[in-house]
Amino acid sequence: MRIAICDDIPKELEKILAALGAYEKTHPQLCFEIDEYRTAMDILNAVEKGKAYDIAFLDICMPGILGTDVAGEMLSHSPDMGIIFLSISSEYAVTAFAINATHYLLKPFSQKQFDTAMDRAVKKVVDCDVISLSCVDGVYRIRISEIVFIESQGHYLMLRLSSGEILRMRKKIFQMFEEIKKYSVFIQVGASYIANLSFVRKITVNTMRMYNGAKIPIPRRSSEKVLKAYMDFCRNEAMK
């Protein structure tokens, strides 16, 4: 599992790393890849460049920005990521859970409290929908939430992932859509694209702009259907 830690106080970073080490020892089936960040800007820059995480530990009060704002930006790239906030006060707990935080840890925390937070975050990752894809260079297992959009190019499909990685498959777009249409986040746009509505930043009558900057053209005949699907998706997300 890919884990990010962001705290501007070095001693706090060390405490989280030590707690993660203790948790990993009691959960030998798990393997962690951990990145440390001292500033909010550092972690946001990494995410903008394609870094993707399963779990993120974020200090609430960092210089110039709140951890909740950092989390909002990170979740726009990885909607299923588990966010664990850390703070010396419960002041921001309501805001944290309003953006679907996995847990809110008060400092100083015990190993038992830390383990409870990790159990919830790990469960969220494990429970995510995963599919196996036979690609040109091998078989991949990826989470549905990693797919930003799929583009048809000749006899191949190009799967653009939130990490910035591109997978290449030899398959027709309609065949792919039949396989994944049971996941409500996907919509076919015209004859060449399948988009994950979770990653849409802006939509107009003729263009869908994704969080990674890509633009998907919307055919005029499909415009009304696509706009309605997006509005329904946003409405359902707001009611969760």
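Atom set for the values below is all heavy atoms of this structure, side chains included, hydrogens, waters and symmetry mates excluded.
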Exercise. Identify the two heavy atoms, one from Ala117 and one from Ile84, that lie closest to each other, and give their separation to 0.1 Å.
Key: O-CD1, 3.7 Å
Self-check item: Side-chain ion pair, Arg235 and Asp232, N-O less than 4.0 Å
Solution: yes
Quiz item: When you look at CE of Met1, are more than 12 heavy atoms from neighbouring residues, nucleotides or ligands closer to it than 6.0 Å?
Solution: yes
Quiz item: Does the side chain of Leu75 come within less than 4.5 Å of Met81's, by heavy atoms?
Solution: yes
Practice problem: Output yes when Lys11 and Glu14 qualify as a salt bridge under the 4.0 Å nitrogen-oxygen rule, no when they do not. | Solution: no
Exercise. Verify the cluster assignment for Tyr183 and Phe177: are they in a single hydrophobic cluster under the rule of side-chain heavy atoms below 4.5 Å apart?
Key: yes
Quiz item: What about Leu44 and Ile99, same hydrophobic cluster or not, with Ile/Leu/Val/Met/Phe/Trp/Tyr joined at side-chain heavy-atom distances under 4.5 Å?
Solution: yes
Exercise. Could you tell me whether the side chain of Arg160 reaches within less than 4.5 Å of the side chain of Ile166, counting heavy atoms only?
Key: yes
Quiz item: Can you list the steps and then say if Tyr156 with Val136 is a side-chain contact (heavy atoms from CB on, under 4.5 Å)?
Solution: CA-CA 9 Å; Tyr156 295 92; Val136 172; 3.9 Å; yes
Quiz prompt | Contact check, side chains of Val189 and Pro217, non-hydrogen atoms, under 4.5 Å | solution = no
Quiz item: Taking all atoms of both residues into account, what is the closest heavy-atom pair of Glu24 and Leu30, and its distance?
Solution: OE2-O, 3.7 Å
Quiz item: How many angstroms lie between CZ in Phe233 and CZ in Phe186, if you round to the nearest 0.5 Å?
Solution: 10.5 Å
Quiz item: When the ring planes of Tyr104 and Phe85 are compared, do they come out parallel, tilted or perpendicular, using 30° and 60° as the limits?
Solution: tilted
Quiz prompt | Atom CD of Glu224: over 12 foreign heavy atoms under 6.0 Å | solution = no
Practice problem: Report the distance from atom CD1 of Ile60 to atom OG1 of Thr68, rounding to the nearest 0.5 Å. | Solution: 5.5 Å
Quiz item: Quick one: do Val122 and Val130 end up in the same hydrophobic cluster if we chain Ile, Leu, Val, Met, Phe, Trp and Tyr together by side-chain heavy atoms under 4.5 Å apart?
Solution: no
Quiz item: Which atoms form the tightest heavy-atom contact between Ala56 and Met74, and what is the distance?
Solution: CB-CE, 4.0 Å
Quiz prompt | Asp54/Arg143 ion pair, N-O < 4.0 Å | solution = yes
Exercise. Fit a plane to each ring of Phe114 and Tyr23, take the angle between them on a 0 to 90° scale, and name the class: parallel (under 30°), tilted (30 to 60°) or perpendicular (over 60°).
Key: perpendicular
Quiz item: Going through the checks in order, is the side-chain contact (heavy atoms from CB on, under 4.5 Å) test met by Lys107 and Asp7?
Solution: CA-CA 12 Å; Lys107 301 177 182 178; Asp7 198 306; 2.9 Å; yes
Practice problem: Can you see which heavy atom on Cys135 is nearest to which on Leu167, and at what distance? | Solution: SG-CB, 3.9 Å
Quiz item: Do Asp119 and Lys123 meet the salt-bridge criterion of a basic N to acidic O distance under 4.0 Å?
Solution: no
Self-check item: Sub-4.5 Å side-chain heavy-atom contact between Lys181 and Gln188
Solution: no
Practice problem: Answer yes or no: is there a donor N or O on one side and an acceptor on the other, between the side chain of Gln111 and the main chain of Ala19, under 3.5 Å? | Solution: yes
Donor-acceptor pairs under 3.5 angstrom involving side-chain atoms of residues 195-216: please list them, not counting sequence neighbours.
from   : atom 1 : to     : atom 2 : distance (Å)
Asn196 : OD1    : Ser198 : N      : 3.0
Asn196 : OD1    : Ser198 : OG     : 3.3
Asn196 : ND2    : Ile147 : O      : 2.9
Thr204 : OG1    : Asn206 : N      : 3.4
Thr204 : OG1    : Asn206 : OD1    : 3.1
Thr204 : OG1    : Thr207 : N      : 3.1
Thr204 : OG1    : Thr207 : O      : 3.4
Asn212 : OD1    : Ala214 : N      : 3.0

Exercise. State plainly whether the residues Lys182 and Asp129 are in salt-bridge range, i.e. N to O under 4.0 Å.
Key: no
Quiz item: CG/Leu13 to CG/Asp59 distance, rounded to the nearest 0.5 angstrom?
Solution: 9.0 Å
Quiz item: Looking at CG of Leu157 and NZ of Lys171, how far apart are the two atoms once the value is rounded to the nearest 0.5 Å?
Solution: 8.0 Å
Quiz item: Would you find more than 12 non-hydrogen atoms of other residues, nucleotides or ligands less than 6.0 Å from Ile88 atom CD1?
Solution: no
Self-check item: Lys25: side-chain contact (heavy atoms from CB on, under 4.5 Å) partners, not counting sequence neighbours
Solution: none
Quiz prompt | Closest heavy-atom pair and its distance - Ile43, Ala4 | solution = CD1-CB, 3.9 Å
Quiz item: Short question: side chain of Ser110, backbone of Gln113 - any donor-acceptor pair under 3.5 Å?
Solution: yes
Quiz prompt | Spacing of Ile194 atom CD1 and Leu159 atom CG [to the nearest 0.5 Å] | solution = 8.0 Å
Self-check item: side-chain contact (heavy atoms from CB on, under 4.5 Å) between Ser162 and Glu146, intermediate numbers included
Solution: CA-CA 5 Å; Ser162 57; Glu146 291 182 81; 4.2 Å; yes
Practice problem: Test side-chain contact (heavy atoms from CB on, under 4.5 Å) on Met176 and Leu133 and set out the steps. | Solution: CA-CA 10 Å; Met176 189 67 195; Leu133 298 173; 3.7 Å; yes
Practice problem: Answer yes if Ile65 and Tyr53 sit in the same cluster of Ile, Leu, Val, Met, Phe, Trp and Tyr residues linked by side chain heavy atoms under 4.5 Å apart, and no otherwise. | Solution: yes
Quiz item: Linking I/L/V/M/F/W/Y whenever any side-chain heavy atoms sit under 4.5 Å apart, do Leu58 and Ile3 land together?
Solution: no
Quiz item: Could you give the distance from OH (Tyr193) to CD1 (Ile150), rounded to the nearest 0.5 Å?
Solution: 12.5 Å
Quiz item: Heavy-atom count around Met158 CE within 6.0 Å, excluding the residue itself: above 12?
Solution: yes
Quiz prompt | Closest contact, heavy atoms only, Ala40 versus Val70 | solution = CB-CG2, 3.6 Å
